[in-house]
Amino acid sequence: MQYDLTEEQRMLQNMVRRLAKEKVEPGAARRDVDGEFDWEMVELMRENGLYGIDFPEIYGGSGAGMLAMAITVEELSKVDAACGLLVADHELGSLPIMLAGNEEQKQRLLPRLATGEHLAAFALTEPAAGSDVAHLRCRAVKDGDFYILNGRKNFITNGGVADIITVYAVTDPEAKGHRNAAVFVVEKGTPGFSVGKKEDKLGIRWSDTVELIFEDCRVPAENLLGQEDEGFHIMMKTLNFSRLGVAAQAVGIAAGALEHAVAYAKERESFGTPIIRHQGVGFKLAEMTMRTEAARQLVYKTCALYEPLPKDMSRISPELIRMSAMSKCLSGDVAMWVTTEAVQVFGGYGYIKEFPVERMMRDAKITQIYEGTNEIMRLIIANTL
Amino acid sequence: MDVIVLLKQVPDTETKIKIDADGKSIDTSDIKWIVNPYDEYAVEAALRLQESDGAMVTILSMGPERAVEAIRTALAMGADKGVLVDDPATEGSDALGKAKVLAAALRSMDFDLVFCGHRAVDDDENQVGIMVAELTGIPHLGMAVSIEVADGKARIERPLEGAKVTLEATMPALVTFGGAHAVWNPRYASLPGIMKAKKKPLEQKTLADLGVSPDEVGAQAAKMQVTSMGLPKERQAGRVLEGDTDEKAKELTRLLHEEAKVI
């Protein structure tokens, strides 16, 4: 039995690690300060085929699977979490199409997403509700061959740069929460769709996070994914998969901060010895290493379990749902803890922008919040026990 | 057009090197291996000919089983096929021994051009490429930073101190590549390339397949012996000079003159 990465996965890991060191890391601090979306990074992902990792081969993807995607997101996030998010969020935005799209929709939309020519985003959260999906308000009303969308979405990653946005909207306010909504594909430039305020964030600062506004936005009926009442299930299944991307991002942030902390602790001397030899620091680093590796193994294992699952709307077991929630929750918590401890290892130097652990600590926080807060993750875990 | 790239797997330039107990070689137990960076420039140059002229690019390497990984990396970058000469009898070969094996392998292959790095970053001998050209009886164009192919000729540029020389040879020819990462900017093994790499042909050969006698190669045939190997001295901590600018300049001049003896 194989309990290891395949040769391809190892090659991919080496390749992305190198690409991250050579092409992503050098500009990470500048991008964090500027907070401007960087198309050069998008181009780098496109050139190296990193947008279509988990896309089926028949739609122009690499069919390399969830674990390959997670490895990529992890390696990118080690040096720049917002860059890792480019890949993870693209997967999130595309998943509803992969899972619930009909053949015509897949053929029409997926090939250009697989190459990264088109970027994707997923729009669920609204000003008044995020995790509490029963209180989402964005409406879709059928009008002949169109659906008319009205409402606002906020905190939408890639919202302002995406060509294809999968949008969650209520189709029947009278129906129960898990039967009242649908997911629509909204293409950039659709009349009535506009991009609102751009958020100024604590971390992942150059990632594009915006408000989306739908005002009598006419979406062709052929852009409805699945059935009118299937939105909730599409969204839940999408998130079960996509949480692994965020989990991998969190592992990457932790691993990146850990690398810096270990290197610094071997170099920096106090009282005549490298600080890693002081037990207070050495044990801290040991704990950081253990937790990071444990989170990584959970994420890899879960990805491996998700790999054979068909990309359709078939049911997934409570155990697999739990594995995904545990991966995202544990990794997020580990990333926050490890980065905070990394700042501590650096002491005063950890608190200033000349060293990257300060940025990593800010970047880590979001992994406990988005793709379902870690409180919601614990709820899912408890509910599936 | 057929281009064969001679490729060597070397320790990662970021690996911490340890000297083996014998004092003559490095301890390879915990080493991460990569494609020799100069050979990577050669692969990049070959792949550009693949794009522009439809060249068929074959990777030829010698080494143990692990060298397959280096060949696969080049296949993932876009090379068409690979050949590995893997024979325990080649172990301990000097540059000439290695060149004999590679030249023998070339004899059974079609090629218009043979590319390789001008040196490998592990032992820095700068010899194998040139020796292969000599043993194969073809011209050698050294340390190229650019290459053009037209009318059965290969033309390269090589930087000289503050100038540039252009050299030309009739094909078949062997070109060794110089320059730096920024000159060649070799492509990464893209994900689609990685997914395809394993399906590309990779042949493994032994000395017997090449008709080379084990007596001609390996440690016992080596005309050159490594007598010892040592690590550079650990760098001393820097020194900060105190005082005003005048005093510091004076002290610095004195140190450079009396201690460092460089002025």
Side-chain angles (χ1 to χ4, degrees), chain A residues 5-26 43-65 67-73 75-76 87 90-91 111 114-116 259 262-263 266-269 272 274, chain B residues 7 9-16 31-37 39-41 43-44 47-48 51 59 65-79 82 84 121 180-200 202 234-238:
Chain A
L5 301 184
T6 63
E7 194 181 337
E8 283 89 351
Q9 286 160 349
R10 270 205 314 277
M11 279 174 84
L12 176 70
Q13 188 179 47
N14 285 334
M15 182 275 272
V16 183
R17 190 171 290 169
R18 189 173 164 192
L19 175 127
K21 271 259 174 297
E22 292 175 359
K23 298 274 161 80
V24 181
E25 187 170 38
E43 201 45 54
L44 188 67
M45 300 301 110
R46 284 175 178 154
E47 274 171 20
N48 292 285
L50 299 181
Y51 275 123
I53 302 176
D54 184 44
F55 283 61
E57 280 174 281
I58 45 164
Y59 303 115
S62 287
L67 183 49
M69 191 212 52
I71 288 166
T72 303
V73 173
E75 291 302 328
L76 294 171
V87 173
H90 187 70
E91 172 88 1
T115 58
E259 250 175 54
V262 169
K266 284 181 172 174
E267 192 95 338
R268 170 79 179 188
E269 294 192 359
Chain B
L7 181 141
Q9 191 184 41
V10 297
D12 190 338
T13 41
E14 284 178 20
T15 293
K16 204 169 175 190
I31 278 184
K32 186 173 173 278
W33 300 89
I34 57 165
V35 174
N36 173 35
D39 294 342
E40 211 171 42
Y41 309 157
V43 173
E44 175 61 33
L47 293 176
R48 289 181 195 173
E51 285 161 356
I59 306 299
E65 181 65 29
R66 62 171 156 72
V68 164
E69 205 182 299
I71 297 178
R72 285 255 162 77
T73 302
L75 295 177
M77 287 169 76
L84 174 67
V121 298
H181 197 271
V183 171
W184 289 102
N185 206 4
R187 68 197 67 194
Y188 296 97
S190 74
L191 176 64
I194 289 169
M195 299 305 285
K196 280 181 215 142
K198 232 181 168 172
K199 292 169 202 150
K200 292 180 177 175
L202 203 165
E234 215 165 296
R235 211 164 53 170
Q236 301 294 307

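Here the structure is a predicted model, which is why all the values come from computation and not from measurement. To find a chain, count down the sequence lines: A is the first, B the second, and so on, and within it residues start at 1.
- When all heavy atoms of P192(B) and G49(A) are compared, the pair lying nearest together is CD-CA, 3.9 Å.
- Counting heavy atoms of neighbouring residues, nucleotides and ligands inside a 6.0 Å radius, atom CD of E267(A) does not exceed 12 of them.
- Annotation for G63(A) and M195(B): closest pair O-CE, 4.2 Å, computed over non-hydrogen atoms.
- Listed by first and then second residue, the salt bridge (Lys or Arg N to Asp or Glu O under 4.0 Å) pairs that reach into residues 49-63 of chain A are D54(A)-K311(A), sequence neighbours excluded.
- E91(A) is linked by a side chain to side chain donor-acceptor pair (under 3.5 Å) to nothing, counting only residues two or more places apart in sequence or in another chain.
- For the atom pair CD1 (I53(A)) and CG (L191(B)), the distance works out to 5.5 Å, reported to the nearest 0.5 Å.
- The pair E40(B)-R18(A) counts as a salt bridge, with a side-chain nitrogen and a carboxylate oxygen less than 4.0 angstrom apart.
- In E269(A), the CD atom is crowded: over 12 heavy atoms of neighbouring residues, nucleotides or ligands sit closer than 6.0 Å.
- Residue E69(B) comes nearest to N14(A) through the heavy atom pair OE2-ND2, 4.4 Å, listed as atom of the first residue, atom of the second, then distance.
- Residue contact with chain A, scored on non-hydrogen atoms closer than 4.5 Å, involves the backbone and the side chain of R72(B) alike.
- Within 6.0 Å of NZ on K32(B) lie more than 12 heavy atoms contributed by other residues, nucleotides or ligands.
- Chain B forms the most heavy-atom pairs under 4.5 Å with one residue out of R10(A), E22(A), E47(A), and that residue is E22(A).
- Separating the NZ atom in K196(B) from the CD atom in E8(A) is a distance of 13.0 Å, to the nearest 0.5 Å.
- From T73(B), atom OG1 reaches atom CE of M15(A) across 10.5 Å, with rounding to the nearest 0.5 Å.
- Atoms OH and CG, from Y188(B) and L19(A) in turn, are 4.5 Å apart once rounded to the nearest 0.5 Å.
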